[in-house]
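Read the structure below first, then the notes.
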Amino acid sequence: MIAVVLVGGTGTRLRPITLDRPKPMLPIGGRPFLAHLLTRLGDAGVDHVIFSCGYLPDAIRRHFGEGADDGPRLTYVVEDEPLGTAGAIRLAAYGRVDEPFLALNGDVLADLDLRAFRRFHAASGARATIALTAVTEPERYGLVLTDTSGAVVAFREKPSTAELADVPEPYLINAGAYVLDPDVLELVPSGRAVSIEREVFPLLVGDGLHGWESTGYWNDIGTPESYLAANHHVLGAQPGDGVRVDPTAVVDPGAELVAPVLIGAEAVVEDGARVGPGSVIGAGSRVEADAYVLGSVLHERVHVGRGARVLDSVAAAGAVVGDHAELRELVVLGPAVRVAPGRVLARERLALEPADVAVG
Ligand code: GDD
Ligand code: MG
């Protein structure tokens with residue numbers, strides 16, 4: 001079984017934490033998002049994953065190489081120009097697939113039963129099957145309407161209020177996972193950007209396009225809110241007492257760790273500091289004395305000064321929060337950003353110019 005994974009997007013809505021790495025490499029519960037996805041794909045019997053890359057492809061290739069011995073084989077196809085979701089799938093899969101294959105958005109953390117999904121596709125006789133999930137706010141997604149047999153009768157990408165008016169709840173949306181017959185690739189014109197959502201699915205409505213509903217956990221990590229929520233979800237599923245400390249981390253006996261929490265390799269948590277619930281301290285980061293890091297995700301080598309407060313926020317690699325500064329209500333710090341001592345920030349995104357950010 002082959003899976004094409006789309007990882008070419010620029011992660012605009014997640015800036016500035018996507019300035020130094022592509023969205024699929026963002027850590028979720030201390031592991032890159034793609035590591036979670038590859039585990040799931042391997043468990044579902046996928047033996048070959050083709051990454052369709054565009055933005056910062058080397059970060060992905062350097063990390064995963066040709067794949068782990070016990071996981072799927074990995075191939076990288078890099079676009080010169082963004083080809084859109086369908087163009088990217090075509091470039092990655094054309095000539096490499098001769099049976100139904102999976103195509104996945106590379107930013108969805110989900111408990112999809114991929115084996116059941118494939119079985120459904122084979123049994124329904126569909127040419128293309130879209131995994132569906134129910135949401136309350138469909139505007140950010142692709143709305144899918146089906147008849148009672150599961151055949152798709154309409155696909156509306158990023159629906160407007162008017163396009164939602166006649167649609168009863170629950171709203172079923174495109175979960176970002178497809179099983180496609182190889183002949184679907186013939187519907188994708190080459191030589192220009194083509195969106196599967198806006199151009200290919202509408203062509204297939206009434207002509208072999210089916211929906212398959214999944215009820216498990218589902219989250220597109222593409223905004224700061226949902227990125228933080230994905231981390232909380234993974235932390236909440238940690239085995240044991242929910243307090244995970246890397247053996248190379250140094251946590252002062254006078255510090256307090258509140259589950260669920262994860263302290264990464266060579267991180268330091270000083271006396272009187274309080275970390276968690278819902279926090280990840282990235283490798284090599286330091287939380288100084290009496291500082292609080294609650295509900296927050298720190299990437300690598302972040303420095304939180306003495307007595308500082310980091311609440312429900314995200315900090316990219318090398319960021320510095322000055323002594324007694326306070327971040328709350330989803331502040332997002334880009335790579336190497338420094339917050340002055342004592343400064344109080346709420347709901348802000350701070351970044352250095354992209355040119356000043358070391359890409360790694
Ligand atoms: N290679 C490549 N080239 N990948 C791309 C390109 C491209 O030109 N454009 C987007 N991608 C990748 C992104 O990296 C991401 O993994 C995936 O395709 C989807 O792009 P997003 O930009 O995250 O789309 P979205 O979240 O607004 O909407 C999509 O996902 C929703 C579910 O999360 C659509 O598929 C919606 O219909 C869907 O509901
Ligand atoms: Mg997305």
Side-chain angles (χ1 to χ4, degrees), residues 3-15 18 21-26 28 32-34 36-38 49-57 59-61 75-94 102-110 112 128-145 152 154-159 163-164 170-178 180 188 190-202 204-205 209 211-214 217-227 229-230:
V4 172
V5 180
L6 293 174
V7 291
T10 49
T12 319
R13 286 164 295 184
L14 274 168
R15 276 192 204 146
T18 44
R21 68 196 78 193
K23 175 166 63 172
M25 290 304 290
L26 287 174
I28 311 281
F33 165 79
L34 279 184
H36 295 273
L37 183 62
L38 287 177
V49 170
I50 306 172
F51 286 125
S52 166
C53 309
Y55 178 65
L56 303 178
I60 301 175
R61 204 194 305 246
T75 301
Y76 302 82
V77 175
V78 184
E79 300 161 338
D80 298 327
E81 301 269 313
L83 287 174
T85 44
I89 293 170
R90 183 184 195 279
L91 182 73
Y94 202 81
L102 280 168
L104 305 168
N105 286 351
D107 63 348
V108 169
L109 187 72
L112 298 180
T129 306
I130 306 175
L132 307 176
T133 190
V135 299
T136 50
E137 293 176 355
E139 292 84 350
R140 271 175 71 187
Y141 307 110
L143 181 74
V144 181
L145 306 184
V152 174
F155 190 105
R156 299 177 188 160
E157 183 65 16
K158 311 283 188 291
E163 286 175 310
L164 289 170
Y171 297 116
L172 287 177
I173 57 129
N174 168 16
Y178 321 120
L180 303 176
V188 184
S190 59
R192 65 171 175 91
V194 182
S195 157
I196 198 165
E197 298 87 349
R198 295 181 193 276
E199 292 188 59
V200 179
F201 289 150
L204 283 168
V205 167
L209 184 63
W212 171 80
E213 191 178 344
S214 166
Y217 178 80
W218 186 88
N219 182 1
D220 174 329
I221 67 165
T223 66
E225 291 81 357
S226 59
Y227 172 64

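Atoms within each ligand, like the ligands themselves, are counted from 1 in listed order.
Residue, atom and distance of the protein heavy atom nearest to atom 9 (N) of ligand 1 are Thr85 CG2, 4.3 Å. The protein heavy-atom contact nearest to atom 23 (O) of ligand 1 is Asp107 OD2, 2.7 Å. Closest to atom 39 (O) of ligand 1 among all protein heavy atoms lies Asn174 O, 2.6 Å. Closest to atom 12 (C) of ligand 1 among all protein heavy atoms lies Leu6 CB, 3.7 Å. Protein heavy atom nearest atom 14 (O) of ligand 1, with residue, atom name and distance: Gly9 N, 2.8 Å. Among protein heavy atoms, the minimum distance from atom 30 (O) of ligand 1 is reached at Asn105 ND2, 3.0 Å. Of all protein heavy atoms, the one closest to atom 28 (O) of ligand 1 is Lys158 NZ, 3.2 Å. Scanning all protein heavy atoms for the shortest distance to atom 3 (N) of ligand 1 gives Glu79 OE2, 3.0 Å.
Distances below 4.0 Å separate heavy atoms of Glu197 from the following atoms of ligand 1: 34 (C), 35 (O), 37 (O). Ligand 1 places these atoms under 4.0 Å from at least one heavy atom of Asp220: 26 (O), 32 (C), 33 (O). Close approach of ligand 1 to Gly106 is summarised as follows: ligand atoms under 4.0 Å from at least one heavy atom of the residue are 16 (O). Residue-ligand proximity, Gly142 to ligand 1, at heavy-atom distances under 4.0 Å covers atoms 36 (C), 37 (O), 38 (C), 39 (O). In the vicinity of Leu83, heavy-atom distances shorter than 4.0 Å reach the ligand 1 atoms 8 (O). Residue Lys23 approaches ligand 1 through these ligand atoms, each under 4.0 Å from one of its heavy atoms: 23 (O). Atom numbering of ligand 1 starts at 1 in the shown order; those under 4.0 Å from a heavy atom of Val108 are 33 (O). Atoms of ligand 1 lying under 4.0 Å from at least one heavy atom of Ala88, given by number and element, are 1 (N), 2 (C), 3 (N).
Taking the six-membered ring where the residue is Trp, Tyr141 and Trp218 present perpendicular rings, their angle passing 60° and hence far from 30°. A perpendicular orientation is assigned to the rings of Tyr178 and Phe201, their planes being inclined by more than 60° (bins at 30° and 60°).
Atom 33 (O) of ligand 1 is approached by the protein to below 4.0 angstrom, counting heavy atoms only.
If you look at Asp107 and ask which of its N, O or S atoms sits nearest the Mg ion (ligand 2), the answer is OD2. In terms of distance to the Mg ion (ligand 2), the nearest N, O or S atom of Asp220 is named OD2.
Distance OH/Tyr55 to CZ/Arg21: 11.0 Å, rounded to 0.5 Å. Of the inter-residue distances, the one linking Lys158 atom NZ with Ile173 atom CD1 reads 9.0 Å to the nearest 0.5 angstrom.
On a distance-only criterion, Gly8 and ligand 1 share at least one N/O pair closer than 3.5 Å.
The option from Arg156, Arg13, Arg198 that lies nearest to atom 24 (O) of ligand 1, judged by heavy atoms, is Arg13.
Ion pair Arg192/Glu199 flagged as a salt bridge, since at least one NZ, NE, NH1 or NH2 atom sits closer than 4.0 Å to an Asp/Glu carboxylate oxygen.
Side-chain contact, Glu197 with Thr85: a donor N or O sits under 3.5 Å from an acceptor N or O.
By the criterion of a heavy-atom distance under 4.0 Å, the side chain of Tyr178, and not its backbone, is placed next to ligand 1.
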